[in-house]
Amino acid sequence: MKIEATIADAYQLFHEGALALARAERQGIRLDVDYCERQKKLLTNRIDRAYNKFKETKLYAIWNKVYKDKTNLDSNHQLGYILYNIMKIEPPKLTVSGKGATDEDTLMQLDLPELKWIKEVRRYKKIRDTYLDSFLREQTDGYLHPFFNLHTVRTYRSSCQSPNIQNIPRRDTEAMTICRKALFARPGHHIVEIDYHALEVSISACVNKDPNLIRYLTNPESDMHGDMAIQIFMLHDYLDMIENAGGVNKIDEFKVLRDATKNGFVFPQFYGDYYANNAVSIACDWCKLPKGKWRKNQGITIVNNKTIGEHLIEHGIKSLDDFIEHMKGIEYDFWHNRFGVYGQWREDWYREYQKKGYFDLLTGFRCSGIMRRNEVINYPVQGTAFHCLLKTFVEVDKIMQRENWDSRLIGQIHDSILLDVHPNELEHVIKTVRRVATVKIPRIWKWIIVPLSVEADVTPVDGSWADKKEYDGGI
DNA sequence: GGAACTCGCCAC
DNA sequence: AAACGTGGCGAGTTCC
């Protein structure tokens, strides 16, 4: 049985992938043009209102005095000059080119309430100008035909353009709703989005073969982020409570700590970040603790009306510096004990690249050229994970044609597939995609050594993409 | 007047 | 020893 993929296999995947994606591009995504026009007007009103509010502030008076008829409230260059040169505020953060930063996060640190109007303008402009405008510009006869490129990305992932439907807002509920309310399946159909669960972590386990990571991904009872949260926040006194509740996830006050761990430590570490950044992110962003020394009454509340500040101080962590030191130990344990094999793989893999000047993905693609360490350890996971999705896409495309579906593949977002589905075929389509994604692909690629799973979201018939709900098999 | 750049911000 | 990976895109700005 052949295991090692070749360049020819890689070529074959992209050849078939390009054809399948081209079919999706031709199919298109339906756009509610009138809705976009109406929504643009509403947003323009909100933007004008926020601008007018800002024009009542002292900050604007200074700005306008300096720039006069050249005043442009969309110019970050001007804003930075006013804040950091005229008003002599010490920039909390610098941009790559060394000027004072004016991104949202930095502005919020300045303690100038009037900047909230700038923030509001930016938010609504992003929605109007980046999304709704590009939808209207790119549509023909009420359908979008985004391009899915396979030739532009260093990792052999895809990219998407004209319009890019791979970056439509999701986390910001208001932005998500406004943008996705514009997008529909064909009349009488559902939009179905089927995404792989934890695909990149799963593929990473296939690449580095760490037994503990494989265990976490194989055993449904286990909880990697929960275990890490217990370790980072020293929740050992609460183990009984956590067990009785059924996991760290089940107690709201601890779920926050689990989210902080997942998004502030585990994922950033997998991408190559390090403990000092993680410590600041977890303590300051997630737990709302200040820089410097900590007090008992500071930070978010955990159980029994206790603050996280009090809890950490009780465990000997009395300042951000203490916490950074603590996270240093956590990081060491993470890569040497908990995921020691993964840690060793990272070292070996980078060494090997330094010797050879290239490395190959499990799917047969070759990455060569000058790369930083973090690139070298990330590409094999990022590219390969996308190839699982693309292979699924290709196989579903073949079945769709063979079985003459009324449903169509319409797009792809790195680890998820978008379909436009006839109601009579809903169950069959989801079953088919699930079978291909979780059974067929691991059968073809023997190097997939952890179970893969998918989740399906479905819109009501004639509902917009904003109305999607988790598919429970009974719609 | 367009190319190339910076900055900011959206996704995975 | 070093320190978060991959994209697209809009607005402003600078260079030629």
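Since we're looking at a predicted model, the values are computed, not measured. Chain letters run A, B, ... following the sequence lines, proteins first and then strands; every chain starts at 1.
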Contact under 4.0 Å: Ser75(A) side-chain N or O vs dT13(C) OP1/OP2: yes
Phosphate OP1/OP2 of dT6(C): any Tyr379(A) side-chain N/O under 4.0 Å: yes
Sugar-phosphate only, base, or nothing, as touched by Ala101(A) at under 4.0 Å among non-hydrogen atoms: sugar-phosphate
Proximal nucleotide (of dC12(B), dT13(C), dG7(C)) relative to the His77(A) side chain: dT13(C)
side-chain N/O Asn374(A) vs dA2(C) OP1/OP2, d < 4.0 Å: no
Sugar-phosphate only, base, or nothing, as touched by Ser158(A) at under 4.0 Å among non-hydrogen atoms: nothing
Touch class at under 4.0 angstrom, heavy-atom based, for Gln161(A) against every strand present: sugar-phosphate
Over all atoms of both residues, closest heavy-atom pair of Pro91(A) and Gly100(A): CB-CA, 3.8 Å
Sugar-phosphate, base or nothing in reach of Lys99(A), heavy atoms under 4.0 Å: sugar-phosphate
Separation of atom CD in Gln166(A) from atom P in dC9(B), rounded to whole Å: 21 Å
d(CG, Leu132(A); P, dC10(B)) in whole Å: 14 Å
Whole-Å gap separating P (dT6(C)) and CG (Asn149(A)): 17 Å
Spacing of Tyr271(A) atom OH relative to dA11(B) atom P, expressed in whole Å: 14 Å
Nucleotide dG10(C), atom C1' - distance to CG of Leu43(A) in whole Å: 15 Å
Sugar-phosphate only, base, or nothing, as touched by Val381(A) at under 4.0 Å among non-hydrogen atoms: nothing
Sugar-phosphate, base or nothing in reach of Arg137(A), heavy atoms under 4.0 Å: sugar-phosphate
Nearest-0.5 Å distance that lies between atom CD1 in Ile410(A) and atom CD in Glu193(A): 9.5 Å
Of the listed nucleotides dA11(B), dA11(C), dG8(B), the one nearest the side chain of Thr102(A): dG8(B)
Closest to side chain of Thr152(A), choosing from dC10(B), dG7(C), dC4(C): dG7(C)
Under 3.5 Å: donor-acceptor pair, side chain of Asp9(A), backbone of Thr6(A): yes
Under 3.5 Å: donor-acceptor pair, side chain of Glu375(A), backbone of Arg372(A): yes
Contact under 4.0 Å: Thr95(A) side-chain N or O vs dC7(B) OP1/OP2: yes
Arg346(A) side chain near dA2(C) phosphate (N/O to OP1/OP2, under 4.0 Å): no
Ring pair (Phe, Tyr, Trp, His ring centres under 6.0 Å) between Trp335(A) and Tyr342(A), intermediate numbers included: CA-CA 7 Å; Trp335(A) 290 113; Tyr342(A) 192 167; 4.9 Å; yes
Sugar-phosphate only, base, or nothing, as touched by Ile377(A) at under 4.0 Å among non-hydrogen atoms: nothing
Given dC4(C), dA11(C), dT6(C), the nucleotide with the shortest approach to the side chain of Asn277(A): dC4(C)
dG5(C) phosphate, OP1 or OP2, under 4.0 Å from Thr155(A) side-chain N/O: no
Below 4.0 Å: OP1/OP2 of dC4(C) and any side-chain N or O of Arg372(A): no
Check: dC10(B) base within 3.5 Å donor-acceptor of Lys126(A) side chain: no
Side-chain donor-acceptor contact under 3.5 Å, Tyr379(A) with Asn374(A): no
Spacing between Gln382(A) atom CD and dG7(C) atom C1', to the nearest angstrom: 9 Å
Sugar-phosphate, base or nothing in reach of Ser416(A), heavy atoms under 4.0 Å: nothing
Side chain of Arg154(A) - closest among dC12(B), dG10(C), dG7(C): dG7(C)
Distance test, side-chain N/O of Arg171(A) to OP1/OP2 of dA11(B), below 4.0 Å: yes
Out of dT6(C), dG12(C), dG10(C), whichever nucleotide has its closest atom nearest the side chain of Glu375(A): dT6(C)
Sugar-phosphate only, base, or nothing, as touched by Asn167(A) at under 4.0 Å among non-hydrogen atoms: base
Rounded distance in Å - CE (Met371(A)) to P (dA2(C)): 20 Å
Touch class at under 4.0 angstrom, heavy-atom based, for Glu104(A) against every strand present: sugar-phosphate
N/O (side chain, Arg170(A)) to phosphate O (OP1/OP2, dC12(B)) under 4.0 Å: yes
Under 3.5 Å donor-acceptor, Asp397(A) side chain and Phe393(A) backbone: no
Interatomic distance where CD belongs to Gln269(A) and P belongs to dG5(C) [whole Å]: 13 Å
Touch class at under 4.0 angstrom, heavy-atom based, for Asp133(A) against every strand present: nothing
Any Ser159(A) side-chain N or O less than 4.0 Å from OP1/OP2 of dG8(C): yes
Phe147(A), CZ: over 12 other non-hydrogen atoms inside 6.0 angstrom: no
